[in-house]
Amino acid sequence: MTDSKYFTTNKKGEIFELKAELNNEKKEKRKEAVKKVIAAMTVGKDVSSLFPDVVNCMQTDNLELKKLVYLYLMNYAKSQPDMAIMAVNSFVKDCEDPNPLIRALAVRTMGCIRVDKITEYLCEPLRKCLKDEDPYVRKTAAVCVAKLHDINAQMVEDQGFLDSLRDLIADSNPMVVANAVAALSEISESHPNSNLLDLNPQNINKLLTALNECTEWGQIFILDCLSNYNPKDEREAQSICERVTPRLSHANSAVVLSAVKVLMKFLELLPKELDYYNTLLKKLSPPLVTLLSGEPEVQYVALRNINLIVQKRPEILKQEIKVFFVKYNDPIYVKLEKLDIMIRLASQANIAQVLAELKEYATEVDVDFVRKAVRAIGRCAIKVEQSAERCVSTLLDLIQTKVNYVVQEAIVVIRDIFRKYPNKYESIIATLCENLDSLDEPDARAAMIWIGQVPRSAQTIHSLGGVLFQVQLTLLTAIVKLFLKKPSETQELVQQVLSLATQDSDNPDLRDRGYIYWRLLSTDPVTAKEVVLSEKPLISEETDLIEPTLLDELICHIGSLASVYHKPPNAFVEGSHGIHRKHLPIHIDTGESPVSAGPVVPIEQAQSVIPSQGDLLGDLLNLDLGPPVNVPQVSSMQMGAVDLFIYLCWDGWIVYLFSQVWLPAVKAKGLEISGTFSRRQGQMYMDMTFTNKALQHMTDFAIQFNKNSFGVIPTTPLPIHTPLMPSQSIEVSLPLNTIGPVMKMDPLNNLQVAVKNNIDVFYFSGLIPLNIFFVEDGKMERQVFLATWKDIPNENELQYQIKECHLNADTVSGKLQNDNIYTIAKRNVEGQDMLYQSLKLTNGIWILAELRIQPGNPNYTVRHPPNLNPPNSELSHIVERFCR
């Protein structure tokens, strides 16, 4: 008889019977009782009152019984934390059991009991299991460290378990290595800025060795880890690719996708002229094709990933377009994905095959699929210019079928073709007119009106538009256009239509547009003509491509949910603010040889944020950028006694008070950039607002700095992953560091910036507030301060007056310390308070100052020795800026 019998009892008083059976002297009776308890727990009954009795059953050699007891413990330990401590001794004892299965079972259960009170008792058993002689115990203990870190991260670090995990990477057993990598990777996700894995060539070699011998899921962990490594040169990248390539033939599709992810990332580091580069591209094709022979669900995941790969490197699958031809029995979600990839792979060489397939699909019975197929024909015409005429001919053939939804979708598509190729296919308008009466969908009606078939009577705004306001909007615009072209013939018509739109319509969009047109026509007809009849921008070839920066990030997540959703993890993972953003490495051409001898800078430290490696900025010093954007001048009377400085300090944040327009829209084709600089928790930021004041959307944003006095460069690429639509604004906080190239600027804090988007590259310059460079460790030792101060001759000292400040010495000292300007000593001489202060810049330069405050006198005196490197005038700017 099976164990299902334990789930069928409904006796009353069962708890008392179970309690008696759990304390029975016979092992078999106790085992039966524990099974009943687990069955009751499974169906939702509360058996927590049996906790002490079940724990007593832990003292057994029977592995099955021990598993059942541990299962009960994991379920009820959180609700009974005080009683869970009773099991600690058993855990400790089981971790020293001769049977490795029991040792592993004990350490696995320890990691699943999420009770703070007992975690400290489990450290010693876990430490022993991490060094156990049996690899099964060690690999289980490695996973337990990750679970324990989730409960109490500080304890795991203090106990040295992270070091033990790193040691396991060198373990002789490949599964131990894989689990250690998995544990460290999981812990790293909660510490994105830490280097827990310590990836170096030696460790990478160990991982590659283990890759060939561990299980399929172990291989996935290792491959995911390898994808986070930045090889030091092209030779190392090629070596890793050669050892990862055999994984492409693995039977598990997850292993294949993980291997593809590694290879796609390292391809960025290989020069295209290298023979191995083309060989690797050819090797990537067969495994991706093989993935499409699985179940429909697996096919869909594979297709979503292939969609990303094709957008990044279409040459990989350019010869395999037939694989993506739709089968009759494919589910609709697979069909739609295949159709999308077909369009991305369409070219002049294969367009005949693609169009033949699409024409066949347009005769299917699934309406949604037919619409997508007709739309795909239009995309082919827009993408492959040489095929446009053939595509238009195909669409006309479909219109002749007189199938209503096919005809209407074809008209919508032809409108886009007219936008791409103006004044080229007007001869087909007559054919379109034959189907005018059959149009009942708003998109088709609006498209037909756009093409030019404008009705001649005002009543048509009701008869043709009806309640479909988007048709009415298009019709209104068309009539205004007609009036501007033939004013004498259509004056009465446009007045009637505008009257209907503004007085009789309940739709606010239609009414507002009517008012705008009316006012334009009545006040300035010339301007109205320029606005309404302006030349329309050509439709882009691929309007649905993923933005390049986002695409690069998604390539780094191949094989995960992000690659299926086509969204970065932080867009759908709850509490994802700590998730580390991934980016593809950038190939740096040293000009010495195809294999660069220099290391690739880690992406977390310094990424060239404008993708092209050409000298996009050039020498900004030779460009007429105009003067840098200066801080608005504020008098001491305006500031009053609120603060000594032109920046605001609050809870450790140093924020510039004034947001400036760095790049006005008139100088950047509609793009306006305003912003400020700030320092938060020891990190410099450039806080910007991008506003699109143009009539077209903006994409492909990137930013780059010229060399500057402090070596300021962006830490990450510009985080704008979605198109910036007209009239839309987006706020961006760009982290900065000071590890870039240094070149003296005038003034010292001048920063020259280039911003790129899909329209052009724009340049501007501005001044970084000097207080942003004041670091947190700027408190000099008193003896060092005294010795440095005395070594500087009195004749070299600089002195300044700060007027209209009504703060006492203690308040001033506190405010300065919040701003990383530290008071080293304070004394009172002849009624004057003397504050001796130090600050340190990001480039390591120290600045010393003496601030004299006379109680009752609103004027302060600053005395400053021009010590160290900067010239006197530049130091005076620093002192004056933070004191005025």
Side-chain angles (χ1 to χ4, degrees), residues 245-264 267 277-364 366 368-370 372-380 383-384 387 390-391 394 542 544-546 551 554-555 558-559 563-564 566:
T245 303
R247 300 303 106 202
L248 293 174
S249 58
H250 201 281
N252 188 313
S253 55
V255 176
V256 174
L257 286 176
S258 294
V260 169
K261 173 170 61 178
V262 175
L263 298 175
M264 285 292 293
L267 270 171
Y277 178 89
N278 296 317
T279 303
L280 191 55
L281 290 181
K282 292 177 182 177
K283 288 183 178 179
L284 280 169
S285 176
L288 293 174
V289 171
T290 304
L291 291 177
L292 301 180
S293 60
E295 296 297 318
E297 295 79 7
V298 176
Q299 286 186 50
Y300 178 74
V301 173
L303 287 167
R304 293 293 282 176
N305 283 273
I306 289 171
N307 200 325
L308 296 175
I309 294 168
V310 166
Q311 290 186 54
K312 185 67 180 176
R313 299 190 181 278
E315 63 270 23
I316 292 176
L317 290 163
K318 66 181 179 180
Q319 303 297 334
E320 304 291 344
I321 193 167
K322 287 186 178 180
V323 176
F324 302 102
F325 286 175
V326 172
K327 298 177 182 176
Y328 76 95
N329 59 347
D330 281 338
I332 183 62
Y333 54 87
V334 172
K335 287 182 177 180
L336 295 178
E337 279 303 313
K338 284 185 174 181
L339 199 57
D340 200 32
I341 295 172
M342 278 175 59
I343 306 307
R344 300 198 191 285
L345 292 175
S347 63
Q348 189 176 357
N350 57 33
I351 194 65
Q353 289 178 302
V354 172
L355 283 179
E357 280 290 311
L358 294 176
K359 190 174 181 180
E360 187 71 24
Y361 300 159
T363 62
E364 293 274 348
D366 190 309
D368 289 336
F369 181 58
V370 170
K372 191 79 180 275
V374 175
R375 210 172 300 140
I377 296 173
R379 287 176 60 188
C380 286
K383 182 180 180 183
V384 186
S387 72
R390 183 181 294 181
C391 292
T394 303
E542 288 285 356
D544 61 339
L545 288 176
I546 295 176
L551 178 61
L554 293 177
I555 290 293
I558 284 177
S563 66
V564 178
H566 287 188

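Position 1 is the first residue of the sequence, and the numbers go up from there.
Separating the CD1 atom in Ile555 from the NZ atom in Lys312 is a distance of 7.0 Å, to the nearest 0.5 Å. Separation of atoms CG (Leu284) and CD1 (Ile309) is listed at 7.5 Å; rounding is to 0.5 Å. One distance of note links OG of Ser285 with CD of Glu315; it measures 11.5 Å at 0.5 Å rounding. Rounded to the nearest 0.5 angstrom, Asn350 CG and Ile321 CD1 are separated by 4.0 Å. Atom CG of Leu345 is separated from atom CD of Gln319 by 10.0 Å, given to the nearest 0.5 angstrom. One distance of note links CG of Asp366 with CD1 of Ile332; it measures 4.0 Å at 0.5 Å rounding.
Between Tyr333 and Tyr300, the angle of the ring planes goes over 60°, which puts this pair in the perpendicular group of the 30/60° scheme.
Each of Val289, Val354, Leu303 was compared with Phe324 under the side-chain contact (heavy atoms from CB on, under 4.5 Å) criterion, and only Leu303 meets it.
Applying the side-chain hydrogen bond (donor to acceptor under 3.5 Å, both in side chains) test to pairs two or more places apart or on separate chains, those with a residue in residues 320-332 are Asp330-Lys338.
In the displayed structure, Glu360 atom CD is contacted under 6.0 Å by at most 12 heavy atoms of other residues, nucleotides or ligands. A 6.0 Å sphere centred on CZ of Arg313 holds more than 12 heavy atoms belonging to other residues, nucleotides or ligands.
Side-chain atoms of Lys383 come within 3.5 Å of backbone atoms of Ile343 as a donor-acceptor pair (strictly under, hydrogens ignored).
A salt bridge between Asp340 and Arg375 is absent, with no side-chain N of the basic residue lying under 4.0 Å from a carboxylate O of the acidic one.
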